[in-house]
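Reading through the structure tokens given below for one structure.
Sequence lines set the chain letters: A, B, ... in the order given, protein chains first and strands last, and positions in each chain run from 1. What you are looking at is a predicted structure, and each value in this text was computed from that prediction instead of being measured.
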Amino acid sequence: MSNFIDELKWRGMLHDVMPGTEDLLQKEMTKGYIGFDPTADSLGVGNLVQIMTLMHFQKAGHKPMALVGGATGRVGDPSGKSQERNLLEIDQLQHNQDCQRKQLERFLDFNCGANSAELVNNYDWFKDMGFLDFIRVAGKHLTVNYMLAKDSVKSRLETGMSFTEFSYQLIQGYDFYHLWKNEGVKLQMGGSDQWGNITTGTELIRRMAGGEAFALTTPLIKKADGSKFGKSEGGNIWLDPEKTSPYHFYQFWLNAADSDAGSFLRIFSLKNKEEIEALEAEHAEAPHTRVLQRALAEEVTERVHSRADLDNAISASDILFGKGTEESLRSLNSATLMNIFEGVDQFELSRDQLSAGIPIIDLLAESTAVFPSKGEARKMLQANGVSINKQKVGADYVLDTKDLLNDQLILVQKGKKNYYLIRLS
RNA sequence: GGGGAGAUACUCAAGCGGCCAACGAGGACAGACUGUAAAUCUGUUGGUUCAUACCUUCGAAGGUUCGAAUCCUUCUCUCCCCA
């Protein structure tokens with residue numbers, strides 16, 4: 001059994017840990033869990049931190065458990081929220097849970113003997129519990145004073161908070177108690193914003209049964225410039241390939257800033273300390289080759305998607321961002337192009353429209369949805385931000401069949417990094 | 001319950017009868033420079049459009065006026081002080 005805490009420490013993944021946790025982990029194979037909130041129908045890269053935590057936990061010889069919050073999702077976690085949340089519809093929640101469960105299954109080993117991973121849903125033990133039972137069994141053991149002292153509650157006392165959200169910590173706390181009592185789970189992990197909820201659980205275990213349980217949290221991931229991690233060009237980066245294509249996913253990691261790449265590699269890769277430090281040394285020698293970003297993007301994309309998806313993403317990136325010129329684009333056959341660019345946003349156009357000649361602005365704003373309006377298309381064209389097949393074009397450019405690659409495709413570039421593929425229907 | 005202050009675009013924040021689609025800052029997007037990095041500099045940032053045009057915006061609804069984000073009335077909400 002390797003030292004899990006030390007592993008998290010050097011990776012910069014340890015924020016807070018309850019005294020005695022390390023002793024426990026060194027002494028015995030421990031069951032530990034992390035909860036996932038079904039607020040969306042896919043996990044995002046932010047959740048990847050917790051997934052990695054569970055993976056390291058399992059690698060260290062312990063038994064990881066992922067909890068899908070079917071019950072807690074109905075209530076809404078106030079942690080880190082400055083406003084009351086809107087409740088999700090029940091069938092939406094159900095859908096989200098199903099999607100998240102499938103994703104979680106990919107990352108852990110569910111068939112490796114004693115420390116095989118497990119997946120549970122807290123709705124299973126809450127669905128048959130009545131409100132009166134709950135407040136008698138769980139509620140009696142904690143004082144409102146105790147609950148009010150939590151940051152998640154305290155920060156909302158000014159603006160207001162519903163009883164529903166106030167009770168959230170008690171529900172999550174009861175989860176821990178339930179798993180402790182019935183499954184022998186002794187550790188709950190999570191993001192640093194979960195510390196309050198987790199300690200409510202350990203407190204509940206202590207008061208209800210005189211038992212001992214432990215807690216550990218990971219820091220909130222922030223980029224070096226202070227901005228939020230996990231977003232790109234306005235959107236969240238999802239693990240679901242339908243929501244964020246493997247190409248975009250790969251690009252997201254590849255675009256990590258130098259100042260972030262090292263720490264991201266520690267958190268999101270399974271590489272060991274020596275490997276990472278070697279890569280960093282190599283990167284320092286020749287920053288422009290961006291070995292850190294490549295190593296990061298490759299490992300994470302392969303784990304979340306697949307080797308084949310990764311290969312395509314790399315090929316597409318090489319073509320789009322390499323030294324490639326219009327000639328090299330024209331030299332590729334369309335089957336290859338279509339395959340490689342699967343993850344690039346695509347639009348269709350009829351041959352008739354094109355052969356009649358179509359002004360660039362109409363093409364981008366009307367025939368396709370590259371831009372939401374002609375005004376924006378014009379603006380970007382005037383700012384010199386649009387390329388057709390890697391050639392900058394002006395606002396008065398008119399396209400026709402001569403612009404087709406392989407008589408099939410047109411590659412549109414908006415800004416430096418946004419590519420669109422227009423193909424004949 | 002009494003008194004006071006306020007509600008402006010993604011956020012903060014000016015404007016206090018025409019020169020306001022609304023100063024400025026941040027954010028976002030784009031250009032240059034680079035390494036598909038950071039920093040820096042430049043441009044854009046209500047919509048349709050491209051024209052010295054029209055439409056929709058300044059909490060909501062009415063009103064005064066040739067003309068209102070700016071004045072009046074009512075309403076809704078927020079904050080502060082006193083009880």
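- The shortest side-chain heavy-atom distance between K63(A) and T30(A) does not fall under the 4.5 Å cut-off.
- Between F249(A) and W253(A), the two ring planes are perpendicular [angle over 60°; tilted spans 30° to 60°].
- Atoms CG (L254(A)) and P (G35(B)) sit 15 Å apart, rounded to a whole Å.
- Protein atom CG of N418(A) is 11 Å distant from nucleotide atom C1' of U36(B), rounded to whole Å.
- Contact annotation for T289(A): no contact, since no heavy-atom pair falls under 4.0 Å across all strands.
- Pairs engaging residues 35-53 of chain A under the side-chain hydrogen bond (donor to acceptor under 3.5 Å, both in side chains) rule: D41(A)-K243(A), S42(A)-Q103(A), Q50(A)-T218(A) [sequence neighbours left out].
- Rounded to an integer number of Å, the gap from CD of E376(A) to C1' of G46(B) is 11 Å.
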(request) Treat a base pair as Watson-Crick or G-U wobble with both distances under 3.5 Å, then lay out RNA chain B in dot-bracket form, 5' to 3', with | for cross-strand pairs. (result) ((((((((.[[[..)..(.....]]]((((((.......))))))(((....)))...[[[[[..)....]]]]]))))))).

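- Taking atom P on both nucleotides, A30(B) is separated from A22(B) by 25 Å, rounded to a whole Å.
- One finds no salt bridge joining K102(A) and D98(A) here, because no Lys/Arg side-chain nitrogen approaches an Asp/Glu carboxylate oxygen to under 4.0 Å.
- Checking A37(B), C50(B), U36(B) against every side-chain atom of R290(A), the shortest atom distance belongs to U36(B).
- Cation-pi geometry between K414(A) and Y420(A) is not met: the NZ or CZ atom fails to fall both under 6.0 Å from the ring centre and inside 45° of the normal.
- U11(B) and A60(B) have their C1' atoms separated by 23 Å, given to the nearest Å.
- The two residues S192(A) and H15(A) come nearest to each other via the heavy atoms CB-ND1, 3.5 Å.
- Distance K414(A) NZ to U36(B) P: 21 Å, rounded to the nearest Å.
- U45(B) and A39(B): their C1' atoms are spaced 23 Å apart (whole Å).
- Nearest nucleotide to the A383(A) side chain, out of A30(B), G35(B), A37(B): A30(B).
- Counting any heavy atom pair closer than 4.0 Å across all strands shown, K379(A) reaches sugar-phosphate atoms only and no base atom.
- Rounded to whole Å, the separation between the P atoms of A68(B) and C75(B) comes to 24 Å.
- With both ends at atom P, the span from C66(B) to A14(B) equals 33 Å, rounded to whole Å.
- Between F264(A) and F268(A), the ring planes are perpendicular. Angles over 60° get that label, and only those under 30° would be called parallel.
- U65(B) and C72(B) are spaced 12 Å apart, taking the C1' atom of each and rounding to whole Å.
- Here the P atom of nucleotide A38(B) and the NE2 atom of H288(A) are 17 Å apart, to the nearest Å.
- Between Y419(A) and F341(A), the ring center distance fails the sub-6.0 Å criterion.
- Among the atoms of the strands shown, base atoms are found under 4.0 Å from some heavy atom of N255(A).
- Backbone-only engagement by K392(A) is indicated by non-hydrogen atom pairs under 4.0 Å involving sugar-phosphate atoms exclusively.
- Atom C1' of A21(B) sits at a distance of 13 Å from the matching atom of C54(B), rounded to the whole Å.
- Between K417(A) atom NZ and U34(B) atom C1' there is a gap of 12 Å when expressed in whole angstrom units.
- Side-chain proximity of D258(A) to U36(B), G35(B), A30(B): nearest is G35(B).
- Using a 4.0 Å heavy-atom criterion, one finds that G415(A) contacts the sugar-phosphate atoms exclusively.
- Within the 3.5 Å criterion, the main-chain N or O of L265(A) finds a donor-acceptor partner in the side chain of S269(A).
- Projected onto RNA chain B by closest heavy-atom contact, S259(A) and P287(A) fall at different nucleotides, the more 5' of which corresponds to P287(A).
- In this structure, E285(A) atom CD and A37(B) atom P are separated by 22 Å, rounded to whole Å.
- Closest approach to the Q251(A) side chain among U34(B), A38(B), U36(B) is made by U36(B) (side chain taken as heavy atoms from C-beta onward).
- Computed from coordinates, the Q413(A) CD to A30(B) C1' distance equals 12 Å when rounded to whole Å.
- Within 4.0 Å (heavy atoms only), Q382(A) reaches no atom of the nucleic acid at all.
- The gap from the P atom of G18(B) to that of C71(B) amounts to 11 Å, rounded to the nearest Å.
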